[in-house]
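First the structure, in the form of structure tokens, and then the observations on it.
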Amino acid sequence: MKEKLGFLVRHAIDSAVAAGHLKPIDPPPSMVLEIPKIATHGDFSTNIAMTMAAPQNRAPKEIARIIIDHIEDRDHLLSKTDVAGPGFINFFIALDRWHEVLKAVHQEDTAYGTSQAGLGKRVQIEFLSANPTGPLHVGHGRCAAVGDTLAAILSATGYEVEKEYYVNDSGRQIRTLGESVLVRYQQLLGKTIDLPAENYQGSYINDLARILLDQEGEHLLELPEEEAITHCARFAAMKIFEGIREDLVAFGVSFGHWFSEQFLYDSGAVQAVIQDLKSRDIIYEHDGALWFRTKDFGDEKDRVVVRANGLTTYFASDIAYHKDKFDRKFDRIIDIWGADHHGYVPRVSASIRALGYDGDRFQVFLIQLVNLLRGGKPVAMSTRAGEFVTLREVIDEVGRDAARFLFLLRHYESPLDFDLELAKKQSNDNPVYYVQYVHARISNILKKAEERGYKDIDWHDDFSKILTLPEELQLIKLMARYPEVVARSARLMEPHRVPFYMKELAAAFHAYYHDRNKHKVVSDDAKLSAARLYLVSAIRIIIKNGLSLMGVSAPETM
RNA sequence: GCGCCUGUAGCUCAGUUGGAUAGAGCAACGGACUUCUAAUCCGUAGGUCGCAGGUUCGAAUCCUGCCAGGCGUACCA
């Protein structure tokens, strides 16, 4: 709808210029068409006459009038056009043109809302990538929900999307994990050793030690310490990783690729990239360590890649990792990190530029932290002390649908308060059910309608003459906006726009549904019933599509 | 100190790339179930958009400086 109108206006400006009524414009003015807040200002409005006023050296209202005079509305899209305020042009869409939206929704069905902006482009989105040193917690849940939904939204706008999880299965934190498990293992066998404070303290370490003991017996005691630690580390990381994968299944998140950090070492990729950069003097030696000249590429200082003790830093493998991503030829590479990693962005960007890649293709989105509450009171969380609420506990307690919806309901740049009590409530506080209820209600209407003989209703041109109530028109206009909501959500990488739109559509439907005396969907009037059934089933399609982007189910009954 | 994020109704938050009269939900108050599902709806009330300047036809939105909160600022991950 908006595109058609945009075409009309651009065409009008061109013909006004051709007729000599306006000066040629270079570059052509950017078109902002928007839906006014106030209904009496029309279905769409544009400020284009005002932005053209200065370069044209004419009054905005005068320009607006000229543009309107040159609109050639051959398809009778518009019922009225006028100039208002300081120079807005307000457009009123002809009533019967709106109803075609319903036809489009039904025809496109699960594809309604998809678009082509990303067609032919490959995007990789890496998210979550939690270390296999402990179970997923609530904060991970937010990253998972946001990443997964962004992937779905990008996919809906035509991109070929690859979701990847980077597994930090190497390095110091894995060794620490091994040490922690070994100590607990030894304790189980009666040895009196304390768990060092820098080790992982969580009770899941005890559980892992117990499983290890049950499965393999006491033989680890006889191994040299290094070997025992390595063995424990492998065992624990594998077990924890299995758990993470199970949690992700329960949360409805899937990855196309799992990328191992260890692989970057085993394949020699890390050493190779270090050698290469060293030969180009981008990596240099100082105080016995190897430093990357990140400062020359926008970071505030140079960063260590290999420490004086010979161990590589996390940054070293990340350089090789991002090189690998670029070598896989994606048009866009997106990293989604927790906001506590934001200080890390400049050095990774620096390394990408230092390697000669196009830094514009790389974007990092930082997800702000989650504050877990219960009944308004903060729940203490500390990974190191092992006090945290796991994602699994949240899924078990509030359900996957509620958890995902609530994680998505906030702009990712805002910290999120996640209240467990609120998430469980089946009331107005909890928008998940509010939206899902629409799907259930409409499903029920369709079931009832079928019992009365209304089935598989097709579009009929009469519908535009039947569905004329203001509420019905309002619903249709709302439905017309859906594709743009998805497109905008993808363009701005802001998934929260989808649930907000869903709430709005749900509210409009509930209000419509509730006034049954005025507009009951299924009645004795066959034509009216058919038209309204067509209307509500279109709403159901959009609700289902939107929820599907969020990974939230659309129940038939509640 | 420096960097990133945030600041809008009592609370939790939206706000269409700078538009016309500031928007929801919750909480509060008053109403609606003989119904296609009340997990719903209708109404009332609630605002110095953190503060101060600036940019222009026009600012919650952009710029500058403050104030407050969160996070970060390792030869940690």
Side-chain angles (χ1 to χ4, degrees), chain A residues 30 32-38 40-41 45-47 50-51 53-54 59-60 84-88 90 131 133 168 171-174 176 198 286-291 300-301 303-315 338-346 366 368-369 371 376 409-417 419 422 425-438 440-449 451-452 481 484-485 488 491-492 496-497 499-501 503-504 506-507 509-517 520-523 529 532-533 536 557-558:
Chain A
S30 64
V32 179
L33 259 184
E34 58 184 5
I35 300 170
K37 279 181 226 161
I38 297 154
T40 55
H41 291 152
S45 90
T46 181
N47 63 349
M50 285 182 278
T51 59
F88 292 102
N90 294 340
N131 294 348
T133 53
N168 293 115
R172 225 186 98 77
Q173 83 279 6
I174 292 294
T176 306
E198 67 271 19
H286 178 71
D287 285 345
L290 289 182
W291 296 73
E300 61 184 31
K301 56 184 258 193
R303 304 289 177 176
V304 170
V305 175
V306 181
R307 293 187 274 164
N309 63 10
L311 294 175
T312 49
T313 61
Y314 191 87
F315 181 41
D340 51 341
H341 288 75
H342 82 255
Y344 203 72
V345 178
L366 300 167
Q368 290 294 322
L369 304 182
N371 300 311
L409 200 54
R410 207 106 306 167
H411 192 136
Y412 64 84
E413 281 184 344
S414 298
L416 168 66
D417 288 334
D419 195 310
L422 207 123
K425 269 169 107 177
Q426 302 190 341
S427 72
N428 244 347
D429 307 14
N430 197 333
V432 194
Y433 302 111
Y434 187 80
V435 174
Q436 286 184 320
Y437 195 38
V438 173
R441 272 184 154 170
I442 296 175
S443 298
N444 197 53
I445 293 173
L446 296 179
K447 204 177 107 207
K448 288 274 158 65
E451 286 164 10
R452 292 180 61 170
R481 267 177 48 202
E484 202 200 324
V485 169
R488 191 175 177 83
R491 198 166 63 244
L492 302 175
H496 74 279
R497 290 172 184 276
F500 272 98
Y501 170 82
K503 277 169 67 179
E504 205 180 333
F509 170 75
H510 283 311
Y512 179 73
Y513 171 90
H514 205 271
D515 202 348
R516 355 180 137 63
N517 296 324
K520 190 156 170 153
V521 176
V522 183
S523 65
S529 300
R532 286 181 174 166
L533 282 165
V536 298
T557 58
M558 283 174 75

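Values reported hereafter were calculated over all heavy atoms of this structure, with side chains retained and with hydrogens, waters and symmetry mates removed. Throughout, a chain's letter reflects where its sequence line sits, starting with A, and its residues are numbered from 1.
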- Message: In whole Å, I'd like the distance from the OH atom of Tyr437(A) to the P atom of C41(B).
- Response: 9 Å

- How would you label the contact of Asp287(A) with the nucleic acid (heavy atoms, under 4.0 Å): base, sugar-phosphate, or nothing? base

- Query: Whole Å only: how far is the CH2 atom of Trp291(A) from the P atom of C75(B)?
  - Reply: 5 Å

- Task: Have a look at Ala289(A) and say if it touches a base, only the backbone sugar-phosphate, or nothing, with a 4.0 Å heavy-atom cut-off.
- Result: base

- Over how many whole Å does the gap from Asn47(A) atom CG to U16(B) atom C1' extend? 12 Å

- Under-4.0 Å side-chain N/O to phosphate OP1/OP2 contact, Arg410(A) with C13(B): yes

- Please evaluate the base of A20(B) for a donor-acceptor partner in the side chain of Asn90(A) within a cut-off of under 3.5 Å? yes

- Message: A quick test of your reading: do over 12 heavy atoms of other residues, nucleotides or ligands sit less than 6.0 Å from CZ of Arg172(A)?
- Response: no

- Query: Which whole number of Å gives the distance between the P atom of C62(B) and that of U16(B)?
  - Reply: 10 Å

- Message: In whole Å, measure the gap between the P atoms of U61(B) and C49(B) for me.
- Response: 10 Å

- Message: Looking at A74(B), I'd like to know if its phosphate oxygens (OP1 or OP2) sit under 4.0 Å from a side-chain N or O belonging to Arg307(A).
- Response: no

- For His41(A) and A20(B), say yes or no: do the ring centres fall under 5.5 Å of each other while the ring planes differ by less than 30°? yes

- Task: Taking only the side-chain nitrogens and oxygens of Tyr513(A), find out if one of them lies under 4.0 Å from OP1 or OP2 of A38(B).
- Result: yes

- Touch class at under 4.0 angstrom, heavy-atom based, for Leu369(A) against every strand present: sugar-phosphate

- Query: Within the structure shown, what part of the strands sits under 4.0 Å from Phe500(A) by heavy-atom distance: base, sugar-phosphate, or nothing?
  - Reply: sugar-phosphate

- Message: Measure CZ/Phe315(A) against C1'/A74(B) and give the value in whole Å, please.
- Response: 14 Å

- Message: Under 3.5 Å, is there any donor-acceptor pair linking the side chain of His342(A) to the base of G3(B)?
- Response: yes

- Message: If you assign Ala84(A) and Asn131(A) each to the RNA chain B nucleotide with the nearest heavy atom, which residue ends up on the more 5' nucleotide?
- Response: Ala84(A)

- Query: If you look at every strand shown and take non-hydrogen atoms under 4.0 Å, does Lys520(A) touch a base, only sugar-phosphate, or nothing?
  - Reply: base

- Task: Determine the interatomic distance between P on C57(B) and the same-named atom on C51(B); round to the nearest Å.
- Result: 25 Å

- Message: Less than 4.0 angstrom between a side-chain N/O of Arg441(A) and OP1 or OP2 of A38(B), yes or no?
- Response: yes

- Query: Are any of His496(A)'s side-chain N or O atoms less than 4.0 Å away from OP1 or OP2 of G15(B)?
  - Reply: yes

- NA contact type, His341(A), heavy-atom cut-off 4.0 Å: base, sugar-phosphate, or nothing? base

- For A28(B) and C11(B), measure between their C1' atoms and round to the nearest Å. 12 Å

- Please work out if Thr557(A) contacts a base, only the sugar-phosphate, or nothing of the nucleic acid, heavy-atom cut-off 4.0 Å. base

- Query: Which part of the nucleic acid does Pro86(A) contact within heavy-atom distance under 4.0 Å: base, sugar-phosphate only, or nothing?
  - Reply: base

- Query: Asp417(A) has an atom CG; how far is it from atom P of G69(B), in whole Å?
  - Reply: 17 Å

- Answer with base, sugar-phosphate or nothing: what part of the nucleic acid does Ala440(A) contact at a heavy-atom distance below 4.0 Å? base

- Message: Does U17(B) have OP1 or OP2 under 4.0 Å away from a side-chain N or O of Arg488(A)?
- Response: no

- Report which part of the nucleic acid Leu492(A) touches: base, sugar-phosphate, or nothing (heavy-atom distance under 4.0 Å, all strands). base

- Take the angle between the ring planes of Tyr344(A) and Phe315(A) and call it parallel below 30°, perpendicular above 60°, tilted in between. perpendicular

- Any donor-acceptor pair under 3.5 Å joining the side chain of Ser45(A) to the base of A20(B)? yes

- For A39(B), does either OP1 or OP2 sit under 4.0 Å from a side-chain N or O belonging to Tyr433(A)? no

- Determine if Tyr434(A) stacks with A39(B); use a centre-to-centre distance below 5.5 Å and an interplanar angle below 30° as the criteria. no

- His510(A) on top of A39(B)'s base, within under 5.5 Å and under 30°? no

- Query: Looking across every strand, which nucleic acid part, if any, lies under 4.0 Å from Glu300(A) by heavy atom: base, sugar-phosphate, or nothing?
  - Reply: sugar-phosphate

- Would you mind classifying the nucleic acid contact of Ala449(A) as base, sugar-phosphate or nothing, using non-hydrogen atoms under 4.0 angstrom? nothing

- Message: Students often get this wrong, so: under 4.0 angstrom with heavy atoms, is Arg481(A) touching a base, only sugar-phosphate, or nothing?
- Response: nothing

- Query: Does Lys37(A) put a side-chain nitrogen or oxygen below 4.0 Å from OP1 or OP2 of A20(B)?
  - Reply: yes

- Protein-nucleotide distance (Glu34(A), atom CD; G15(B), atom C1'), rounded to Å: 12 Å

- Quantified in whole Å, what is the P atom distance between nucleotide G65(B) and nucleotide A27(B)? 43 Å

- Lys503(A) NZ - G25(B) P separation (whole Å): 9 Å

- Task: Between Leu33(A) and His514(A), name the one whose nearest nucleotide on RNA chain B is closer to the 5' end.
- Result: Leu33(A)

- Query: How close or far is atom C1' of U40(B) from atom CD1 of Ile445(A), stated in whole angstroms?
  - Reply: 12 Å

